[in-house]
Amino acid sequence: YAAGFREIVDLETYGNMDDFDGNWGVFDIPMAKYVVKHLSAKEEPFIASWFTISAHIPFNIPDNWDTSAFKHPERSPERGMEYTDQALGVFFDLASKEPWFMNTTFVITADHGSRDLKGRAEDTDYIRNHIPFLIYAPDGSIKPRMIDDRIISQHDIGPTVLSLLGYNRPYVSVGTDAFSADSTIVAMVRSEGAFTVFSSDYTIRMDKDMNRAEQVFCHTADPLLQRPLSVYDTCKVENAVKEAQAFMQDFSLRLNADRLSIKKENIPTE
C-alpha cells in the first residue's frame, strides 16, 4: 500500500489452499489464470504487478506436474524457471483474449539475480546479478530490439516506462530512460561488505569505503571475472567510479532526508 497500490491479493484473498506452494504463496500457473480473470474485472486504465514465486528456492511446483518436456525435470533452479516460463505462456495466452491486452504495456523483470549458483563458476558479481528487463507492447508500438551496448539496472525501469507512456511531468529518479542516449552509465551491487560497479566496459571492485578501485575486469572478455586487468582505460574507470560515488551520495542524502518525491525535492547539503 505504501507504493500506492489500492489492492493486494494474497493467499487468503485467493481462497484456495490447494494451490499453495507450501512456502511463498500460490503456484505460478493457477495464479496466472487468476490474475487475468481479476484484471478483466477492473476498470481501465490500471497498473498491476504480479510477483511470481515458483522460480524461487525451494523451487516447489505442483505435485505430479508433467516435467517430461523440461530440460531439467528434477528439482532445481532451472526446473522452477521452466515452470514459471510455462506460467507466463498461460498468462499471455489468456490475456491475449481480453479487451485490455492490446492497450497494455507489459514489463517482465526480477527483484534480484540468482543466488543459487553456489559452487559454480558463474557465481560472480557480473553473472549472478543479471536479471531480465523485457518490455512488450502487443500493439506493436515498441519495435523489437535488444539493447546490449549499455548498463541497465532496476533503477531505470521506472523512467523507461514513464517515457514510453509519454509522461512529461517532473519526478525524482536515480535511474534514466534505458532508450535514451543519456541512459545510466553505471550500476552497482553490494556483496561481501563492498560495492562492485558495472560500466559498459568494466566490472570494478571497490574498496570497502568506496574510495578507490581495487580490481578491474573486462566483463565482455572475462564474464567469470577470473583475470583482473593490469592495463585498462583509466579515464573510463575513473569516470565510472565518480558516477557511482555521485549516485550513492545523491541517493543516500535523499533517502535519509525523505526526499525521494518531487514534493520533497529540496535535499540538505553537506
Side-chain angles (χ1 to χ4, degrees), residues 2-3 5 8-11 21-28 31-32 35 47-61 72 75-88 91 106-136 146-148 150-161 173-176 178 183-200 202-206 208 210 217 219 223-225 240 243-244 247-248 251-252 254-255 260:
F5 287 94
I8 296 176
V9 175
D10 56 15
L11 182 62
D21 81 328
N23 286 272
W24 296 105
V26 179
F27 287 116
D28 288 348
M31 194 64 192
V35 171
I47 180 173
S49 176
W50 168 33
F51 198 88
T52 60
I53 62 168
S54 301
H56 194 290
I57 196 170
F59 312 109
N60 290 338
I61 65 175
H72 303 273
R75 181 191 295 271
S76 63
E78 291 87 349
R79 187 188 73 167
M81 285 184 273
E82 289 188 76
Y83 176 78
T84 296
D85 187 64
Q86 281 189 334
L88 290 174
F91 171 81
F106 297 91
V107 175
I108 300 174
T109 190
D111 60 332
H112 59 76
S114 177
R115 298 169 178 169
D116 308 294
L117 301 174
K118 303 303 182 185
R120 304 188 194 184
E122 296 84 5
D123 187 23
T124 69
D125 286 338
Y126 180 65
I127 294 179
R128 183 195 318 122
N129 291 290
H130 275 68
I131 62 171
F133 177 24
L134 308 175
I135 304 174
Y136 171 47
M146 177 183 291
I147 299 177
D148 58 4
R150 67 201 66 176
I151 290 293
I152 299 171
S153 76
Q154 290 171 325
H155 296 293
D156 304 319
I157 296 174
T160 303
V161 172
S173 175
V174 291
T176 54
S183 62
T184 297
I185 298 174
V186 299
M188 291 179 293
V189 297
R190 183 174 174 84
S191 62
E192 298 179 359
F195 280 98
T196 299
V197 178
F198 307 100
S199 71
S200 295
Y202 298 115
T203 291
I204 306 162
R205 286 181 176 156
M206 304 290 294
K208 64 181 181 63
M210 205 172 173
F217 301 85
H219 49 234
L224 299 182
L225 307 185
E243 285 286 338
F247 174 97
M248 285 302 299
F251 179 72
S252 298
R254 288 184 178 279
L255 185 64
L260 286 169

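As a basis for the values below, the full set of heavy atoms in this structure was taken, side chains included, without hydrogen atoms, waters or symmetry mates.
Inter-residue side-chain proximity for I61 and R75 is flagged as unmet; no heavy-atom pair is nearer than 4.5 Å. In this structure, the side chains of V107 and F133 come closer than 4.5 Å at one or more pairs of heavy atoms. Considering only heavy atoms from C-beta on, P77 comes within 4.5 Å of F59 through its side chain. Between E192 and R205, every side-chain heavy-atom pair lies at or beyond the 4.5 Å cut-off. A 4.5 Å side-chain heavy-atom check between E243 and V197 finds every atom pair outside the cut-off.
Between H72 and E82, the shortest heavy-atom contact is N-OE2, 2.9 Å. Between N60 and F27, the closest heavy-atom pair is O-CE2, 3.7 Å. In this structure, M81 and A55 approach most closely via the heavy-atom pair CG-CB, 3.8 Å. When every heavy atom of P58 is checked against every heavy atom of N23, the shortest pair comes out as CG-ND2, 3.5 Å. When every heavy atom of S191 is checked against every heavy atom of T196, the shortest pair comes out as OG-OG1, 4.5 Å. Considering all non-hydrogen atoms of both residues, A87 and A32 come closest at O-CB, 3.6 Å.
One distance of note links OG1 of T160 with CD1 of I152; it measures 7.0 Å at 0.5 Å rounding. Between I157 atom CD1 and I131 atom CD1 the span is 5.5 Å, to the nearest 0.5 Å. For the atom pair T52 OG1 and W24 CH2, the distance stands at 12.0 Å (nearest 0.5 Å). Between the NE2 atom in H56 and the OG atom in S114 there is a gap of 10.0 Å [rounded to 0.5 Å]. The line from CG of D123 to NZ of K118 is 4.5 Å long, rounded to the nearest 0.5 Å.
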Q: Take F91 and D28 through the side-chain contact (heavy atoms from CB on, under 4.5 Å) test and state the conclusion after the steps.
A: CA-CA 10 Å; F91 171 81; D28 288 348; over 6 Å; no

Q | Check against side-chain contact (heavy atoms from CB on, under 4.5 Å), M188 and M248 | A | CA-CA 10 Å; M188 291 179 293; M248 285 302 299; 3.7 Å; yes

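Proximity of a side-chain donor or acceptor of T203 to a complementary backbone N or O of H219 within less than 3.5 Å is not detected. Remark: the backbone N or O of I127 is not paired with any side-chain donor or acceptor of E122 at under 3.5 angstrom.
Screening F217, F195, F198 for a side chain to side chain contact (heavy atoms under 4.5 Å, CB included) involving D125 leaves a single residue, F198.
Relative orientation of the Y126 and H130 rings is perpendicular, given thresholds of 30° and 60° on the angle between their planes.
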